[in-house]
Every structure is written in structure tokens, then in C-alpha cells.
There are 2 protein chains.
Amino acid sequence: MAVSNPLRTFFPDRVFAAGCPSRTVLDHVMSKWGLLVLLALGDGEPLRWSELRRRAEGVSEKMLAQTLRTLVADGFVVRDARPVVPPHVEYSLTPRGLELAALLNPLMVWVVENAPDILEDAAAS
Amino acid sequence: MAVSNPLRTFFPDRVFAAGCPSRTVLDHVMSKWGLLVLLALGDGEPLRWSELRRRAEGVSEKMLAQTLRTLVADGFVVRDARPVVPPHVEYSLTPRGLELAALLNPLMVWVVENAPDILEDAAAS
DNA sequence: CAGCATCCGCAGCGATACTG
DNA sequence: CAGTATCGCTGCGGATGCTG
């Protein structure tokens, strides 16, 4: 049965049109590390570089740097560098980032709650 | 300011632990094409292979096949093949897939609504 | 401590051709 | 129509070494 879908307002006959700006944003936000960084900062607490590396377990320096640069450019994250030695840099979410994180959170909770069942099915097939 | 975060129930000091089953599910669900397929089917309407290729604009045959196999194995999608010539195959969401799509939708609406502003910021930097 | 620059391997992806 | 099979490449991402 069909369900009314607000996305159809934007995309009547496709999902996300190719070349559409939202595809780019989607790639940034839903990327493996982009997602984890947004979630790590999702509490609203600022985090330091080293702390982010710990929380997004498995991320390399290169990927963290690249991811952060993208998120900062997109206006999801602010970088606050204090001119001290040794350097002290904090990252936190902008209001826009907080909006996004708020939408991400219920989804992530659903995923962790259902992941075991899902992979059980996948293994059985 | 700190916000109470239900994800912390599962991951007190990290985001998604490396090697955690939910990371795998996340990779399937948030992948470029996985996402688009889930959204395309999000209305609840079954779609045929050729229709899916049209809606997820830009997807190659190979990637569509691979994506669908994963989503079927994970129990998000059902494949209904009718033994006729020419072949007629329909894909639709399972109840689990519908749950997921329901959580995905508000997020996607937010993304399309904010994408122009976001990329404007990105271009300015 | 918080990065940037560079090299490089390989898996992921696209393109093409073929089939039930 | 709805896929599978194969090949070739490229660009993502890891590893390493260096700097303010």
C-alpha cells in the first residue's frame, strides 16, 4: 500500500536526482567517518582531535582530517584552535550540526537495537 | 552544553565500536546506493528492476544487483520473481525495511531542504 | 599535540559483453 | 526483462615520515 511521502515533493519520479546538490551533502554526511564524527559530537560537548580519534575507533589521521575539513566547510562543525603550546584544538557542532545529529540519533538507536537480528538473517542466507 | 544521549547506553565511551555488528549494518544501509534504493521503495509500492534503475539515477547494473542482494539478505527487501516470460521481478520493503525507511525519511527531507545553504557555505570556504 | 605531504596498493566500481 | 561474468582502472584510504 502506498504511503504519502514528503520526499516526493522534491523528487516526483526519482529519489535524489543525479548531480543534485543534496547528493553531495548525502555523501559527506552518510560517509563512514562523517557519520561517526557527527555522532561523537552529537552530545553537544566539544571534543579534541585526539579524543575524536579515540571515539571514532579505527579512523586514520588522514581520514579524520579530511572528514573534519569537509564537515567544517559544510557548516556542521566548528574548529576552535587556541594559540598555545602545545596546541589545543576543539571541535564542536554548529546549530546546523546539532539539527542533523538530532535526526541521526533515533536512526542510530534503531540500527544498534536491530543489528543482531539483521546480521543473523544475513548469515542464514 | 551536554545533551542526554540514548546512544551512550550502547556506547559509553566510543561511538560505534570497531567490529561491532552495527557498523556492518550501517555500511549497508548508509551506502550511496543502499540509501537510494531504500528511499525509492520507501513509499511501500513494489518496484521492478528496471524501475529501480530509473529511480536511483546513475546506478550501474552491477551495483544495483549487489545492493539488492545485500538488502534482501539483511531482511530489508523482498524479491518476488514471477516465473513468466519475459521475466517479471518485483522488489518491495519488508516490515523491517519500512521501519527503517520511516526513520530515514525525515532525515532526507532535512537534507534536501538544507542542501543549498550547506553547499553555499562550502563554496565560500 | 595536531596536523600535512607523499607514496602506493588494492578493492570497489564502471563499462562491456553475454545469457536464461 | 532481469540479470551474471569478466576486465581494467582509479581513487579511496592506510602507512609512513615530517613540521609548527
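The sequence lines fix the lettering, A, B, ..., with proteins before strands; numbering per chain opens at 1.
Between B:Tyr91 and B:Asp80 there is no side-chain heavy-atom pair separated by less than 4.5 Å. The shortest distance between side-chain heavy atoms of B:Phe10 and B:Cys20 does not fall below 4.5 Å. No side-chain heavy atom of B:Arg79 sits under 4.5 Å from any side-chain heavy atom of B:Leu71. By the 4.5 Å heavy-atom criterion applied to side chains, B:Leu93 and B:Leu38 are counted as neighbours. At least one side-chain heavy atom of B:Met108 sits under 4.5 Å from a side-chain heavy atom of A:Leu26.
Using a 4.0 Å heavy-atom criterion, one finds that B:Glu61 contacts the bases of the nucleic acid, with or without backbone contacts as well. Residue A:Arg69 is classed as a sugar-phosphate contact, given heavy-atom separations below 4.0 Å to backbone atoms only.
If you take CH2 on A:Trp33 and CG on A:Leu36, they are separated by 6.0 Å, rounding to the nearest 0.5 Å. Separating the CD atom in A:Glu45 from the CD atom in A:Glu90 is a distance of 10.0 Å, to the nearest 0.5 Å.
Residue B:Ser50 has a polar side-chain atom (N or O) positioned under 4.0 Å from OP1 or OP2 of D:dA2. A sub-4.0 Å separation between OP1 or OP2 of C:dA2 and a side-chain N or O of A:Arg48 is present.
For DNA chain D, none of the residues of residues 27-38 of chain B falls under the heavy-atom distance limit of 4.0 Å.
Rounded to whole Å, atom P of C:dA2 lies 12 Å from atom CG of A:Asp80. B:Glu51 places its CD atom 14 Å from the C1' atom of D:dA2, with the value rounded to the nearest Å. Distance B:Tyr91 OH to D:dA2 C1': 7 Å, rounded to the nearest Å. Distance CH2 (A:Trp49) to P (D:dT19): 18 Å, rounded to an integer number of Å. In this structure, B:Leu64 atom CG and C:dG12 atom P are separated by 18 Å, rounded to whole Å. Atom-to-atom, CZ of B:Arg53 to P of C:dG14 comes out at 10 Å; the value is rounded to the nearest Å. Taking atom CG on B:Leu52 and atom P on D:dA2, their separation rounds to 10 Å, with Å as the unit.
Under the side-chain hydrogen bond (donor to acceptor under 3.5 Å, both in side chains) criterion, the residue pairs touching residues 104-122 of chain B are A:Arg96-B:Asp121, A:Glu99-B:Trp110, with sequence neighbours excluded.
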Inset, instruction - Give DNA chain D the dot-bracket treatment, 5' to 3': Watson-Crick (N1-N3 with N6-O4 or O6-N4) or G-U (N1-O2, O6-N3) under 3.5 Å, [ ] crossing, | other strand. - result: ||||||||||||||||||||

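With hydrogens and angles disregarded, no donor-acceptor distance shorter than 3.5 Å links the side chain of B:Asp74 to the backbone of B:Phe76.
Both A:Pro86 and A:Gln66 sit near DNA chain C, but only A:Pro86 has its closest nucleotide nearer the 5' end.
Across D:dG13, D:dC1, C:dC4, the shortest atom-to-atom separation from the side chain of A:Ala65 is found for C:dC4. Across D:dC1, C:dA15, D:dG3, the shortest atom-to-atom separation from the side chain of B:Lys62 is found for C:dA15. Side chain of B:Arg79, nearest nucleotide from D:dG3, C:dC13, D:dG13: D:dG3. Each of C:dG14, C:dG3, D:dG20 was ranked by its minimum atom distance to the side chain of B:Met63; first place goes to C:dG14.
The two residues B:Leu52 and B:Ala40 come nearest to each other via the heavy atoms CD2-CB, 4.1 Å.
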